[in-house]
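Accompanying notes for the structure given below.
So you know, we letter chains A, B, ... as the sequences are listed, proteins then strands, and number each from 1.
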Number of protein chains: 2
Amino acid sequence: MNISEVSTASGLPAKTIRYYEDIGLIRPARSANGYRAFSDQDAHKLAFLSRARSLGFSIEDCRTLLALWEDRSRASGDVRKLAKDHLDEIDRKLAELHQMRDSLAHLVKCCAGDDRPDCPIIDRLAKD
Amino acid sequence: MNISEVSTASGLPAKTIRYYEDIGLIRPARSANGYRAFSDQDAHKLAFLSRARSLGFSIEDCRTLLALWEDRSRASGDVRKLAKDHLDEIDRKLAELHQMRDSLAHLVKCCAGDDRPDCPIIDRLAKD
DNA sequence: TATAGGGCTTCCCACCGCTGGAAGGTCAAG
DNA sequence: CTTGACCTTCCAGCGGTGGGAAGCCCTATA
């Protein structure tokens, strides 16, 4: 398989796939002409990576997850811990974003949004 | 005021303040010794920036907000639009994060997290 | 067989918003 | 006179791509 094929199959841009090789997440073979030659296993890995990334795992987490995937004697506890830590991090970000959203929504609601200069949003930022 | 003083006052790291000068958000004067000499107005601007950033506005949005703040003939509608667009963006991110969180929470809940290798998290990522 | 087009390669730069560190000038206290 | 805290500039790097240049390779058509 050439890169465009695994790209379509995995949903990852070719650029991203080359980057993943650069940082050692995958090691596709090379054809005689220098083109990357992806095996089915490479394609599976890329699909795995694509799904892990879409769940928000960092590249380093993905590296660990790949290793755990390939380790048949893994402990599911290790996977769970990684996922739980990530979940906690997401919850932290969610709380932060919610906080932002509520403040902002309140300000937007209070602002007349007309031609006059008076603006509670600016006032809040300036806090004068 | 030297940089450490406005840093403490605004809650922004000195590095960040220098960066803000670099990109033209503030233009503090200079003392004879080459040190930045911040006026009260500079300090106000930095506090404004700090609050705007903590509401998640991008640097470019902050630049616009600063200009609107200083424009006494501004239309509050312009401020409101900026804030509303940002709010919509936050809502988009919140939805995306919620989606991640729910998928991940489900998987974490389903995983035994013990010494055995069977793991629904890995299974989902591998989708074999 | 020549040529046109697409796909592939490597390489380097840009993005955002800082952050760290090195190398060196300045200032106030002891 | 030295120490140490503060300030300066500059350069590099983070994550995770994306854009684009320069150049090779492959296939199809004229």
Between D:dG13 atom P and A:D22 atom CG, what is the distance in whole Å?
-> 15 Å

Between atom CZ in B:F38 and atom C1' in D:dC6, what is the gap in whole Å?
-> 13 Å

Among the candidates C:dC18, D:dC6, C:dG7, find the nucleotide nearest to the side-chain atoms of B:Y19.
-> C:dC18

Here the distance between atom P of C:dC15 and atom CD1 of B:I23, to the nearest Å, is 12 Å

Short side-chain N/O contact from A:Y20 to OP1 or OP2 of D:dT17, under 4.0 Å | yes

B:R18/B:D22 salt bridge by N-O under 4.0 Å criterion | no

Separation of atom CD1 in A:I17 from atom P in C:dT10, rounded to whole Å = 13 Å

Output yes when at least one side-chain N/O atom of B:S58 is less than 4.0 Å from OP1 or OP2 of C:dC16, else no.
-> no

Counting any heavy atom closer than 4.0 Å, what does A:R36 reach on the DNA or RNA strands: base, sugar-phosphate only, or nothing?
-> sugar-phosphate

Would you tell me whether A:T64 and A:D61 have side-chain atoms, one donor and one acceptor, within less than 3.5 Å of each other?
-> no

For A:E21 and C:dC8, what is the distance between atoms CD and P respectively, to the nearest whole Å?
-> 14 Å

Can you tell me if the side-chain N/O atoms of A:R30 get under 4.0 Å from OP1 or OP2 in D:dC25?
-> no

Identify which one of A:H86, A:K93, A:R92 satisfies the side chain to side chain donor-acceptor pair (under 3.5 Å) criterion when paired with A:E89.
-> A:R92

Take atom CG of A:D123 as the centre, draw a 6.0 Å sphere, and report whether it contains more than 12 heavy atoms from other residues, nucleotides or ligands.
-> yes

Which part of the nucleic acid, if any, lies within reach of A:I3 when heavy atoms closer than 4.0 Å are counted: base, sugar-phosphate only, or nothing?
-> sugar-phosphate

Can you check the A:M1 CE to C:dG7 P distance for me, whole Å?
-> 18 Å

Distance test, side-chain N/O of A:N33 to OP1/OP2 of C:dT9, below 4.0 Å | no

Tell me: CG of B:L12 to P of C:dT19, nearest whole Å?
-> 10 Å

Could you tell me the separation between the CG atom of B:L125 and the CD1 atom of B:I121, rounded to the nearest 0.5 Å?
-> 8.0 Å

Whole angstrom value for the distance that separates P of C:dG25 from CG of B:N2 | 19 Å

Determine: side-chain N/O of B:S4 to OP1/OP2 of D:dC7, distance under 4.0 Å, yes or no.
-> yes

Using the closest heavy atom to pick a nucleotide of DNA chain D for each, name whichever of A:K15 or A:Y35 lands nearer the 5' end.
-> A:K15

Pick the nucleotide of DNA chain D nearest each of A:E60 and B:R18; which residue has the one closer to the 5' end?
-> B:R18

B:P13 side chain: which of C:dT19, D:dT9, D:dG20 is closest?
-> C:dT19

Pick the nucleotide of DNA chain C nearest each of B:F57 and B:A32; which residue has the one closer to the 5' end?
-> B:F57

